Amino acid sequence: MLDSYKRNINYLRISVTDRCNLRCTYCMPEDGVKMLHHEDILSYEEITEIVKVAVANGITKVRITGGEPLVRKGITDLVSMISGIPGIADLAMTTNAILLSNYANELKKAGLNRINISLDSVNPEKFRSITRGGNINDVFNGIKAAKEAGLLPIKINCVISKSKEETDALEVADFCRNNKLEIRFIHQMSLKDGQFSVVEGGDGGHCASCNRLRLTADGKIKPCLFNDMEFNARELGAENAILMAIGKKPANGTVNCSGHFYNIGG
Ligand code: SAM
Ligand code: SF4
């Protein structure tokens with residue numbers, strides 16, 4: 001469906017949880033993260049209903065993200081439920097891949113088309129420090145399993161602080177070349193004081209062609225990551241919330257003062 005700036009809104013990113021098995025320094029505080037209550041988190045049935053309504057209103061591409069989507073119990077059931085909705089042309093997931101080797105086959109069978117994996121360094125010690133404890137071998141095994149399962153193309157999301165010429169970024173780029181993986185660099189945003197905003201040249205700088213809506217783990221439809229506006233699908237009904245979000249999608253992102261990537265879904 002076209003929004004008021006004639007952008008075709010056809011892409012929905014769904015955060016299925018605000019929980020994560022890592023604590024990346026730029027994403028989550030080390031401890032003391034205030035988590036959503038269990039009853040606030042949408043059930044898989046609720047998410048599927050919202051996606052059906054979204055598809056009836058022009059959504060054709062869906063991405064499952066988080067928090068870490070693979071830590072939510074029964075995630076492959078949700079993938080099956082969504083992939084079974086007629087009209088979904090592309091179903092993808094963004095993951096840190098720590099648990100991916102256990103799930104890659106099941107995910108493919110459930111109807112997931114492809115996967116994005118976050119990897120900011122291929123140096124085991126650096127990776128452990130950025131993620132506050134992650135084991136890079138889990139990621140390597142996850143990538144291997146995703147390839148074998150045919151979750152292709154595999155894209156690597158690599159957060160950079162300043163430039164693509166940083167040592168870590170160059171090494172991740174090499175790793176991708178050698179392993180036939182696509183790479184996307186994402187400029188790190190400062191989440192200080194719970195605020196984040198559009199970074200010049202970074203993710204989110206393409207407002208004129210932005211085709212996205214987001215669904216938070218607790219059921220809010222957000223028209224823009226860099227804006228506090230949200231429409232509660234439980235309170236308004238999915239269709240109203242979606243239509244309001246499309247209708248009020250801003251021309252440009254500015255600043256978000258009330259959320260974090262891990263609960264909105266980066
Ligand atoms: N846990 C999954 C993962 O890490 O891939 C999915 C959710 S994570 C919030 C989605 C993406 O947001 C990751 O690629 C991550 O690198 C990115 N991200 C998190 N915090 C960020 C920040 N401050 N600036 C830029 N990207 C960020
Ligand atoms: Fe977890 Fe992804 Fe955030 Fe890292 S970037 S803490 S893996 S949600």
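Bear in mind that the values here come from a model prediction, so they are computed numbers and not experimental data. Values below: all heavy atoms of this structure, side chains included; hydrogens, waters and symmetry mates excluded. Start at 1 and go down the list; that is how both ligands and their atoms are numbered.
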Inset, instruction - List every atom of ligand 1 that sits less than 4.0 Å from any heavy atom of I186, numbering the atoms from 1 in the order shown and giving each element. - result: 25 (C), 26 (N)
Inset, instruction - Check each atom of ligand 1 against the heavy atoms of V159 and keep those under 4.0 Å away; list them by number with element. - result: 16 (O), 26 (N)
Inset, instruction - Check if G67 has a non-hydrogen atom at a distance under 4.0 Å from any atom of ligand 1. - result: yes
Inset, instruction - Could you state whether Y26 and I186 fall into the same hydrophobic cluster, counting links through intermediate Ile, Leu, Val, Met, Phe, Trp or Tyr residues with side-chain heavy atoms under 4.5 angstrom apart? - result: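 Hydrophobic grouping puts Y26 with I186.
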Inset, instruction - Would you kindly confirm whether Y11 and V62 end up in one hydrophobic cluster when ILVMFWY residues are joined by side chain heavy atoms under 4.5 Å apart? - result: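 Not linked; separate clusters.
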Legend entry - Selected option - heavy-atom contact closest to atom 3 (C) of ligand 1, from C24, C20, S118: S118
Legend entry - Shortest heavy-atom approach to atom 7 (S) of ligand 2 - which of N21, V159, N157, N96: N96
Legend entry - Residues D120 and K126 bridged, charged N to O under 4.0 Å: no
Legend entry - ligand 2 atoms in contact with C24 (distance to a heavy atom under 4.0 Å): 4 (Fe), 5 (S), 6 (S), 7 (S)
Legend entry - Residue C20 vicinity, atoms of ligand 2 by number, heavy atom under 4.0 Å: 1 (Fe), 6 (S), 7 (S), 8 (S)
Inset, instruction - May I ask you to identify, for T95, whether its side chain, its backbone, both or neither come under 4.0 Å of ligand 1 on a heavy-atom basis? - result: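 Within the 4.0 Å criterion, T95 contacts ligand 1 through backbone atoms alone.
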Legend entry - Proximity of T94 to ligand 1 by residue part, where a heavy atom lies under 4.0 Å: both
Inset, instruction - Output, in order, the C-alpha distance, side-chain angles, deciding distance and verdict of salt bridge (Lys or Arg N to Asp or Glu O under 4.0 Å) for D218 and R234. - result: CA-CA 9 Å; D218 59 347; R234 273 182 175 158; over 6 Å; no
Legend entry - Under 3.5 Å: N/O of Y26 near N/O of ligand 1: yes
Legend entry - N157, any N or O under 3.5 Å of ligand 1 N or O: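 Yes, N157 has an N/O under 3.5 Å of an N/O on ligand 1.
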Inset, instruction - Say whether, by atom type as modelled, one donor and one acceptor occur between the side chain of R72 and the main chain of V16 under 3.5 angstrom. - result: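 Between the backbone of V16 and the side chain of R72 there is a qualifying donor-acceptor contact (under 3.5 Å).
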Inset, instruction - Could you tell me whether atom 3 (Fe) of ligand 2 has an N, O or S atom of C27 under 2.8 Å away? - result: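 It does; at least one qualifying atom falls short of 2.8 Å.
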Inset, instruction - Say whether N211 and N10, considering side chains only, have a donor N or O and an acceptor N or O under 3.5 Å apart. - result: yes
Inset, instruction - Check the side chains of T17 and E68 for a donor-acceptor pair under 3.5 angstrom, ignoring hydrogens and angles. - result: no
Legend entry - Chi angles and distances behind the salt bridge (Lys or Arg N to Asp or Glu O under 4.0 Å) call for K109, E106: CA-CA 5 Å; K109 282 197 199 117; E106 263 183 75; over 6 Å; no
